[in-house]
Amino acid sequence: MEQFEIVVVGAGAAGEAATHLAAGRGAKVAIVDRELFGGSCPFWACMPSKALLHAAAIHHVGGDYPWARASEFRDYMINRQETDWPDDSGHVEALEKAGATVIRGTARFEGTGHLTVQTDGTVRELGAGAVILAVGSHSRVPDLPGLADAHAWTNREATSTRELPRSMVILGGGPTGVELGQVYARYGVPVTMVDSNQRINSRDHARSSEFLAAALKRDGVQIRTGVRAQRIRPGDGVSVVELSDGSTVEGAALLLAIGREIPVDELNLPAIGVATEAGGVKPDDRLRIAENVYVAGDIAGPELHTHLAHYEGEMAARLALGDDVRPDVSVIPRATYTDPETASVGLLVEQAREAGIDAVELTEDLGSTPKGYVAEAQGHVTIVVDRAERTLVGAFMAGPGVSEAIHEAVLAVKTRTPLSVLADTIHAFPTVARAMGTLFIQAHRKLG
């Protein structure tokens with residue numbers, strides 16, 4: 001049996017972060033993944049989708065960025081030039097250079113501190129002082145009649161196709177659905193988006209959803225909310241989706257964007273006394289699910305973001321190495337990279353009040369601010385303030401560059417910065433941050 005101080009299962013953002021930190025501190029580390037080292041983000045998710053959004057934005061305003069060039073740029077971004085499968089050798093080499101043992105295969109527990117890895121027709125046995133599970137997630141495939149014969153896409157096909165489909169139906173109006181919907185609509189593909197919620201990006205602020213929906217409709221996306229797909233049947237070169245209100249929509253491509261699932265079953269967690277709940281696990285406040293077994297990234301929650309995965313990966317490694325630290329995942333920035341972008345942190349005013357906070361919401365129409373005027377942009381900046389504590393508890397934005405501007409609010413919520421300090425902070429003109437700074441001043445004067 002090969003012995004390691006730490007075995008990391010999963011080589012996405014969380015697993016790589018954990019491995020680099022632990023190996024950098026001299027630990028003997030093995031990292032296992034059955035597929036691409038680097039995980040979904042650089043190959044099937046964050047990087048290709050943002051590359052395509054960039055290309056689509058230039059194409060949308062008349063720039064020289066046809067689909068062929070966009071597809072080539074995306075292939076360059078994911079190391080897939082002149083091949084069908086991305087090249088992850090750069091990730092492997094970086095991990096090996098850091099001192100880790102890299103193993104490509106499928107890992108499972110055989111007992112406490114004992115894992116086996118099926119690789120290349122052989123089985124390797126690993127002993128581990130500690131294990132970090134960072135297995136990521138995959139697109140959820142619903143149990144819909146007829147779906148198995150529809151050759152549906154997930155984000156993998158949608159971010160890697162080299163040919164534009166004649167038309168597209170997207171099931172799901174969350175971040176994946178809206179981002180990819182805008183890409184394809186801006187390249188002239190008729191897109192219909194179906195979401196069972198009453199509005200797209202339903203977990204975001206209602207104003208952000210409203211501005212985003214309006215933008216997508218301007219791009220040609222047809223949006224159907226408050227209805228569910230009930231059955232899929234073949235049509236003339238298309239998939240016909242029967243909806244819960246009796247209507248149908250159809251598309252040559254059918255994209256599933258209705259959430260993610262965590263692949264925990266193959267880990268054999270019962271071998272270490274861990275039961276799964278609804279396909280997942282519940283870590284304690286130190287990312288632990290069993291003695292010397294930690295989780296990081298999508299499997300740990302509470303949300304699914306690359307930046308959160310990286311943070312949790314490093315924290316899990318520090319905990320496995322014996323550091324007396326406690327991860328803080330209470331303040332997480334969120335961003336959707338459409339045009340307009342949306343970004344948020346913290347609590348909606350309704351959530352704050354449900355939590356017992358005496359909260360007030362202030363909002364600014366971004367379109368009527370100097371930034372909105374000079375950028376010909378629409379959107380909003382909304383803040384949620386705790387009246388009693390005079391601190392920021394939430395911020396929500398839609399508009400140009402809000403994925404960057406949100407971080408002042410992230411820091412303010414995390415550190416409970418007094419509203420008086422935020423109001424006394426100089427913000428550059430004309431920016432989205434300036435609009436937020438104006439709200440800080442208004443809130444400070446209003447609350448006294």
Side-chain angles (χ1 to χ4, degrees), residues 1-19 22 27-37 39-40 100-143 154 259-304 308-309 312-322 326-327 329:
M1 182 184 296
E2 303 171 72
Q3 294 290 336
F4 297 92
E5 291 174 69
I6 299 175
V7 172
V8 180
V9 180
E16 285 191 316
T19 300
K28 186 179 181 182
V29 184
I31 181 168
V32 183
D33 201 291
R34 61 183 177 181
E35 200 179 64
L36 288 167
F37 283 78
S40 291
T101 298
V102 175
I103 305 172
R104 201 180 300 272
T106 302
R108 61 178 274 131
F109 282 103
E110 302 299 335
T112 300
H114 179 197
L115 300 97
T116 54
V117 181
Q118 295 279 346
T119 177
D120 296 329
T122 63
V123 178
R124 294 176 68 168
E125 294 197 45
L126 311 181
V131 177
I132 298 173
L133 301 178
V135 293
S137 62
H138 56 75
S139 292
R140 186 167 77 85
V141 178
D143 184 16
T154 67
R260 310 283 294 178
E261 292 182 340
I262 313 299
V264 295
D265 291 345
E266 66 189 22
L267 293 171
N268 192 28
L269 293 178
I272 58 170
V274 175
T276 60
E277 299 180 15
V281 296
K282 287 188 176 182
D284 64 15
D285 62 355
R286 295 181 189 259
L287 300 175
R288 188 170 43 203
I289 61 170
E291 189 68 26
N292 294 322
V293 179
Y294 303 89
V295 292
D298 293 356
I299 189 174
E303 299 178 17
L304 312 185
L308 177 60
E312 290 179 336
E314 290 197 338
M315 293 300 293
R318 293 180 63 189
L319 289 160
L321 291 170
R326 195 179 303 272
V329 295

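Just so you know, these numbers use all the heavy atoms, side chains as well, and skip hydrogens, waters and symmetry mates. In this chain, numbering begins with 1 at the start of the sequence shown.
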**Message:** Side chains of V329 and E312, heavy atoms from C-beta outward: is any pair under 4.5 Å?
**Reply:** yes
**Request:** With the side chain counted from C-beta on, respond yes when L115 and V131 share a heavy-atom pair under 4.5 Å apart, and no when they do not.
**Result:** yes
**Request:** Determine the minimum heavy-atom distance between T119 and R124, stating which atoms define it.
**Result:** CG2-CD, 3.8 Å
**Request:** Check whether any side-chain heavy atom of E2 sits under 4.5 Å from a side-chain heavy atom of E125, and report yes or no.
**Result:** no
**Close side-chain approach of Y294 to I289, heavy-atom, < 4.5 Å** = no
**Asked** Can you find a pair of side-chain heavy atoms, one from V293 and one from I272, that are under 4.5 Å apart?
**Response** yes
**Item:** For R34, all residues meeting side-chain contact (heavy atoms from CB on, under 4.5 Å), sequence neighbours excluded
**Value:** T106, P263, E266
**Complete:** Taking every heavy atom of L126 against every heavy atom of M1, the minimum-distance pair comes out as C-CG, 3.7 Å
**Item:** Where N292 and G129 come nearest, the two heavy atoms and their spacing
**Value:** CB-O, 3.4 Å
**Prompt:** How many angstroms lie between OG1 in T19 and CD in E314, if you round to the nearest 0.5 Å?
**Reply:** 11.0 Å
**Request:** Using a 4.5 Å cut-off on heavy atoms from C-beta on, say whether the side chain of P327 contacts that of L319.
**Result:** yes
**Prompt:** Minimum heavy-atom separation for A107 to L267, with atom names?
**Reply:** O-CD2, 4.0 Å
**Test item: D120 side-chain N/O and T122 main-chain N/O as donor-acceptor pair under 3.5 Å** = no
**Request:** Measure across S137 and L304 and return the closest heavy-atom pair with its distance rounded to 0.1 Å.
**Result:** OG-CD1, 4.3 Å
**Request:** For the pair F4 and I31, evaluate side-chain contact (heavy atoms from CB on, under 4.5 Å) and give the outcome as yes or no after the intermediate values.
**Result:** CA-CA 10 Å; F4 297 92; I31 181 168; over 6 Å; no
**E5 side-chain N/O to K28 backbone N/O, donor-acceptor pair under 3.5 Å** = yes
**Asked** Are the side chain of D284 and the backbone N or O of L287 linked by a donor-acceptor pair below 3.5 Å?
**Response** yes
**Request:** Begin with the C-alpha distance, continue with both residues' side-chain angles, and end with the deciding distance and a verdict on side-chain contact (heavy atoms from CB on, under 4.5 Å) for E35 and S40.
**Result:** CA-CA 10 Å; E35 200 179 64; S40 291; over 6 Å; no
**Asked** Got I6 and I132 here, is their nearest side-chain heavy-atom distance under 4.5 Å?
**Response** yes
**Prompt:** Does the pair I299 and V264 meet the rule for a side-chain contact (heavy atoms from CB on, under 4.5 Å), with working shown?
**Reply:** CA-CA 8 Å; I299 189 174; V264 295; 3.8 Å; yes
**Smallest separation among heavy atoms of A11 and D33, with atom names** = N-OD2, 2.7 Å
**Request:** Take V274 and V281, measure what side-chain contact (heavy atoms from CB on, under 4.5 Å) needs, and give me the verdict at the end.
**Result:** CA-CA 8 Å; V274 175; V281 296; 4.2 Å; yes
**Request:** Look up atom CZ in R108 and atom NE2 in H114, then write down how far apart they are to the nearest 0.5 Å.
**Result:** 10.5 Å
